[in-house]
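Working notes for the structure below.
First listed ligand is number 1; within each ligand, the first listed atom is number 1. Remember, predicted model here, so these are calculated numbers, not experimental data.
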Amino acid sequence: MRIEEVCRLLGLPGEVVDHYLGKGIVELYPPQEAAVRSGLFEGKSLLLASPTASGKTLIAELLALHVALVRGGRTLYLVPLRALAWEKAEGFKELFGAVGLRVGISTGDFDRVDPALGSYDLLVLTNEKADSILRHRPSWFFKGLEAVVVDEVHLLADPYRGPTLEVLLSALRKEKPGLQLLALSATVSNPEEIASWLGAEALVSDFRPVPLKKGVFFQDGIVFPGEGARPVGDEGKRDPLMALTLESLREGGQVLIFVSTRRSTQAVARRLARRVRDLLTEEEKRELQRLAAEIEGDVEERTSLSVELAKRVVDGVAFHHAGLPSRHRRLVEEAFRGRLLKALCTTTTLAAGVNLPARRVVIRDVRRYDPPYGSSYIPALEYHQMAGRAGRPGLDPYGEAILIAKDREELEELLSRYVLAPPEEIRSQLSQEGALLFHLLGAIAARYIRTLTDIPGFFSLTLFARQFGPEELGTILRRGLEYLEAEGFVEVAGERIRPTRFGSLTAALYVHPVSAMILREGLGEVGRRAERPPFSFLHLIAATPDMELVRLSSKDIPELEVLAEEAESAGIFLVDVPGFGERGYRRFLAEVKTAQVLANWIEEKTEEELYIDFGVGPGDLHRLVETADWLLYAAGRFAELFGLRLPELSRLRRRVRYGVKEELLPLVELKGIGRVRARVLYDAGFTSPGKIAKASPEEIAKLPHFGVKIAENLVREAREAVRAFFGPT
Ligand SMILES: Nc1ncnc2c1ncn2[C@@H]1O[C@H](COP(=O)(O)OP(=O)(O)OP(=O)(O)O)[C@@H](O)[C@H]1O
Ligand SMILES: [Mg+2]
């Protein structure tokens, strides 16, 4: 079916046709056509289970356009990860803008709900963000909401993030039974079961527009099942990864390499760079130099991690992982997309949903170290997602996904475990006790659950109940409710269950009940302490399960033990410290390390120092600061609830946000002034907006890290701030 015909059939305007034709999309792929004919556009729910790169996004776009332009409603688009949310929202803007529709996105700030979100025709949210919004039950949420797209719906099987999606979908369907769902995934092996849970029809297809061959490198060639081996050239024997990369580059392709650790992404990139640079043209070398300069120059603070990235980029190779600043990750993705970078080594940060021109994907590591369990094989589902990054439409004529085997035994293992195996079936992960407790309180606070009988009622809507029977969760739920009652989150009177103010606040802040208890315990101690330095609060938030802890390495331990001992004898910890040798002791040291990183950050240690001393990259730091900001805010809200006056908490929060000593706070809150410039200003005697307001821009422009433009804006802003404060004179 041609795109004109589709649009005519669906009542979509010519701009939509022009947009797609401009992208080279002329004709629908068979699964897309099947989706159009499936009743989706008459309001039926659908699970579209079709291979990677088969164009599932386009169906979601057409649905959202149809909902907005024909049905006069709104669509919600759910994704697993923030990075994917941004990529998707960016991708939608041009098309929706062309027909006068608005695309919105929101991914952070769990307890603030912006009512403007209700005005977007297409709203992109992470699952967590949507779940947190729903807990507040804002009146706009369901108003006009006609359809929900659930991208990467196989996330249901993820032990950490699956339960949130599962509860979110259950709650959406409970609140609005007629709501239309469009679930998308390339890796669902039990589509009928998942579809029937969603009240949807399953549309299954094995069509892939670009052929994808999956094989295993062994000895000196690639074994493709059913075809035998294909030689890769001499150096394959010594260095398979190098041989696989160079071969594909020589044929004009680009290579994406998945490894299991960040360190490996960097090491592999370094090794490949030496040979890849020989394949670059002079023009490419010049452009890569420019890109390298941009990477080195665009951040306020430079770290050796970014310097290393810039060095690799010069040779046409890059690495990609969550330790890099997000700006640099984006630059690398763009340059790879622009075919300037030839080989990209990555962890799973690029495993799902993204479109990159990789003719060959090499998956070097299929085992992952997972403390405390040791190393284990990754699921076949993950393998298929990574493999599916190869051979994307419009970018390459074919794709190849290759694993590497050391010996014959491993060859057999890799073939049977991955290449020839379907992804695992999607199984609910909801019985995980911590997750269930979190969602039980959430459901009570959101008033989905008002009575004892509502509990089995609500949870009977979950995938878990469908797969394992409605009684299975009973015991855990009963235990959970007792716990919530005993700890003062909920009150049970006869049949009725009500959240307490503590319980409601916990749910609204979107923190785990255990986090709330730890914060409550710690805040209760504050009054008993003679001293309460920032470290006390930083450790307190690090002790909650909502903090993503900085990784502990064995060489950190001796130093951290000394630090922890000193801190304990000074009475600095606000919550109990586990004894040596106890199960929680390693975790406790990781908490201390995390608090230590934050404490160094607000003492203005440079990002480079934090990277070298703690192994915390700028990307990690950014996430850490964001989480700490949220938890300190939560601590402040709890303190308020308990009637505690702790002004130091909000000051600490601002220091964490900017990474500064207290004296810089008035300066960093000026526009365009980060912590580096604020320090320069302060040390030059410009210690307050008032002093800056009296300065001349020329004076400030001479300082390091300043230029004329920044100085002029700064002085103007400082003057305005002072005037606003004192009123017109
Ligand atoms: N009918 C079509 N003709 C040509 N190109 C198309 C067509 N439909 C989609 N594409 C292009 O195919 C590419 C892959 O599409 P998309 O990202 O939607 O894949 P997907 O099915 O979501 O894959 P994954 O499961 O990996 O997320 C996109 O670049 C898209 O523009
Ligand atoms: Mg997709």
Side-chain angles (χ1 to χ4, degrees), residues 1-7 10 12 16-17 19-37 46-65 77-81 83-95 124 149-155 182-189 191 203-212 214 256 258 333-334 336-339 348-359 361 381-399 401 422-423 426:
M1 203 192 299
R2 295 175 69 83
I3 199 79
E4 296 94 323
E5 198 186 330
V6 178
C7 289
L10 301 180
L12 301 178
V16 176
V17 179
H19 170 89
Y20 284 123
L21 292 179
K23 297 235 167 247
I25 297 176
V26 181
E27 187 122 12
L28 289 194
Y29 294 143
Q32 294 174 330
E33 185 167 337
V36 168
R37 297 190 191 281
L46 184 72
L47 166 64
L48 180 52
S50 66
T52 53
S54 62
K56 294 183 285 296
T57 316
L58 181 129
I59 293 303
E61 284 172 357
L62 291 179
L63 178 64
L65 290 169
Y77 194 104
L78 298 173
V79 291
L81 298 168
L84 202 54
W86 287 99
E87 189 185 312
K88 287 290 170 196
E90 272 316 303
F92 295 143
K93 272 182 188 152
E94 190 191 318
L95 169 60
V124 184
V149 179
V150 191
D151 204 353
E152 313 287 348
V153 71
H154 54 264
L155 186 82
L182 171 60
L184 310 173
S185 173
T187 48
V188 189
S189 289
L203 177 58
V204 182
S205 159
D206 59 7
F207 169 87
R208 201 176 194 277
V210 178
L212 174 61
K214 296 174 180 165
L256 184 63
F258 286 99
E333 289 162 34
E334 269 167 32
F336 192 75
R337 219 164 263 147
R339 300 192 182 269
T348 51
T349 47
L350 291 178
V354 296
N355 281 302
L356 292 170
R359 188 175 297 178
V361 161
L381 188 153
E382 266 184 54
Y383 158 78
H384 286 289
Q385 284 291 342
M386 292 190 270
R389 295 318 105 205
R392 308 290 290 187
L395 302 173
D396 274 299
Y398 60 90
I426 305 298

Quiz item: Looking at P51 and S205, what are the two nearest heavy atoms and their distance?
Solution: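 Of all heavy-atom pairs spanning P51 and S205, the closest is CD-O, 3.1 Å.
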Self-check item: Worked check of side chain to side chain contact (heavy atoms under 4.5 Å, CB included) between Y77 and L63
Solution: CA-CA 11 Å; Y77 194 104; L63 178 64; over 6 Å; no
Quiz item: Does any donor atom in the side chain of T52 or R208 lie under 3.5 Å from an acceptor atom in the other side chain?
Solution: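 On atom types as modelled, these side chains qualify, holding a pair under 3.5 Å.
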Quiz item: Does the K56 side chain pair with the main chain of A49, one donor and one acceptor, at a distance under 3.5 Å?
Solution: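 Not a single qualifying donor-acceptor pair exists.
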Quiz prompt | Check: R337 side chain, N355 main-chain N or O, donor-acceptor pair, under 3.5 Å | solution =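 Looks like yes, one N/O pair under 3.5 Å.
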Self-check item: Straight-line distance of S185 OG to H384 NE2, nearest 0.5 Å
Solution: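 Going from OG on S185 over to NE2 on H384, the span is 11.5 Å.
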Exercise. Tell me the residues surrounding ligand 1, counting only those with a heavy atom closer than 4.0 angstrom, sorted by chain and number.
Key: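 Contacting ligand 1 under 4.0 Å are I25, E27, L28, Y29, Q32, P51, T52, A53, S54, G55, K56, T57, E152, A186, G353, N355, R389, R392, P393.
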